[in-house]
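Indexing begins at 1, ligand by ligand and atom by atom, following the structure's order.
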Amino acid sequence: MCELNAALKDFDLDPEVGAVVITGSERAFAAGADIKEMLPKEYSDVYKNNFLMHWAEMTNRKKPIIAAVNGYALGGGCEVAMMCDIIYAGEKAKFGQPEITIGTIPGAGGSQRLTKAIGKAKAMEMVLTGDPITAQEAEKAGLVARIYPADQLVDESIKKAERICQHSKIIVQMAKEAVNASFEMPLREGLKFESRFFHQTFATGDRKEGMGAFVEKRAPDFKDE
Ligand SMILES: CCCCCCC[C@H](O)CC(=O)SCCNC(=O)CCNC(=O)[C@H](O)C(C)(C)COP(=O)([O-])OP(=O)([O-])OC[C@H]1O[C@@H](n2cnc3c(N)ncnc32)[C@H](O)[C@@H]1OP(=O)([O-])[O-]
């Protein structure tokens, strides 16, 4: 997670990068926190040292991050996928919060982001039983945006990322921040936040270029400013 966070930070600063796709292997996206590492730890260690809190660093990134999930996304693996902005799944992917089966509970958003993503009934069932759901169930519940054959998942996710990259980077970042604000704010505040961002797009050259290109029936040439 330290290496991933360092890479994501670099990509955020790299003007050549418009969006990021992260993936695992066909067998697993990630099986969660290392149970063998956690086994000997005491409360005082994990509390004093903010154990694993650095995982959430990736939610501070401005550029869109897509999770391409094949195989297992369990515990912290499911939570990392949910820290991303879009989840695409391979048809055999499995999403679960099995922490209850090892005597603990989700610690990186499994009880919070999951509930916001799929609602209380399904989130509660997953967190209390520890049983995973399939990619098809995850798509139906709204956790996953789209399902692809396992061997095409990464290529298709990159195509979606490239589609995002055709737009102005600065406007894409505003759009991401606006959607994410809906997770944090009551509706009235969220709408105010959105309208402020909408007005702010009028301070960019790319807004003028985008609308101008439409009117002149040509492709826009965004300058990311
Ligand atoms: C602010 C706080 C932030 C907190 C952040 C995170 C908190 C998070 O919510 C807590 C967790 O993630 S709790 C975790 C929640 N996650 C879970 O509970 C998932 C636990 N894992 C499983 O249920 C199964 O291993 C799978 C279904 C993934 C694969 O089944 P399969 O295909 O039959 O394969 P297999 O034979 O079973 O495994 C192969 C090898 O991998 C090993 N290994 C696997 N996962 C490991 C792990 N997490 N750890 C260590 N090792 C793990 C396994 O021991 C074995 O090693 P061996 O040396 O060869 O014996």
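For Lys223, the salt bridge (Lys or Arg N to Asp or Glu O under 4.0 Å) partners are Asp221, not counting sequence neighbours. By the salt bridge (Lys or Arg N to Asp or Glu O under 4.0 Å) test, Lys63 pairs with no residue at all, sequence neighbours left out. When the salt bridge (Lys or Arg N to Asp or Glu O under 4.0 Å) test is applied to Asp224, the partners found at least two apart in sequence or on another chain are Lys169.
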Evaluate Val46 against Leu52 for side chain to side chain contact (heavy atoms under 4.5 Å, CB included), listing each step before the verdict.
CA-CA 8 Å; Val46 296; Leu52 300 182; over 6 Å; no
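At a 4.0 Å heavy-atom cut-off, the residues surrounding ligand 1 are Arg27, Ala31, Gly32, Ala33, Asp34, Ile35, Lys36, Met38, Phe51, Leu52, Met53, Trp55, Tyr72, Leu74, Gly75, Gly76, Glu79, Pro98, Glu99, Ile102, Pro106, Gly107, Ala108, listed by chain and number.
Dense packing is recorded around CD of Glu37, with more than 12 heavy atoms of other residues, nucleotides or ligands lying under 6.0 Å away. Residue Met124 qualifies as open at atom CE: its count of foreign heavy atoms under 6.0 Å is 12 or below.
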